[in-house]
Amino acid sequence: MLFLPEKARFRTLLELPEGADIGKAINDAMKAIEAENEDLKDVLPKTYNTIDKRILVSTAEELLFNPDDH
C-alpha cells in the first residue's frame, strides 16, 4: 500500500496560493512520498520545476477531476 502525505496530494497542490512555485511543491511532494514509502527511496523524479506551471496545473486538475479516465 502506498501512503501519500497530505502535502503530496493533488488537491493540496492545486490549492497552493496564486504565484506559488508548483514545480518545487511537486518536487517536495515526491520527496515526502519517498520519505513515507521506503521502497520508493531515490526513485521518483524531482525535476518538475523545469516544466511549465500551466502544464503542471492542467495535468493535476485532469487527474483530480477525471480519475476514471486514466
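Side-chain atoms are counted along with the backbone in the values below, which use heavy atoms only and exclude waters and symmetry mates. Here the structure is a predicted model, which is why all the values come from computation and not from measurement. Index from 1, following the sequence.
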In short, Thr47 meets Thr50 closest at the heavy-atom pair O-OG1, 2.6 Å
Could you give all pairs that pass the side-chain hydrogen bond (donor to acceptor under 3.5 Å, both in side chains) test and reach residues 33-43, with sequence neighbours left out? Glu34-Lys46
So CZ of Arg9 and CG of Leu14: to nearest 0.5 Å the spacing works out to 14.0 Å
Looking at every heavy atom in both Lys53 and Ala20, which two are closest together, and how far apart are they? NZ-O, 3.8 Å
Rounded distance (nearest 0.5 Å) linking atom CG of Asp28 with atom CD1 of Ile22: 12.0 Å
So do the side chains of Ile26 and Ile51 get within less than 4.5 Å of each other, counting heavy atoms only? no
CZ-CD distance between Arg11 and Glu6, expressed to the nearest 0.5 angstrom: 10.0 Å
Consider only side-chain heavy atoms of I, L, V, M, F, W and Y, link residues closer than 4.5 Å, and tell whether Leu63 and Phe3 are in one cluster. no
Distance col, row Met30:CE vs Asn27:CG, nearest 0.5 angstrom, shows 8.0 Å
Within one Ile-Leu-Val-Met-Phe-Trp-Tyr cluster: Leu2 and Val43, side-chain cutoff 4.5 Å: no
What are the two closest non-hydrogen atoms of Ala29 and Ala8, and how far apart are they? CB-CA, 3.5 Å
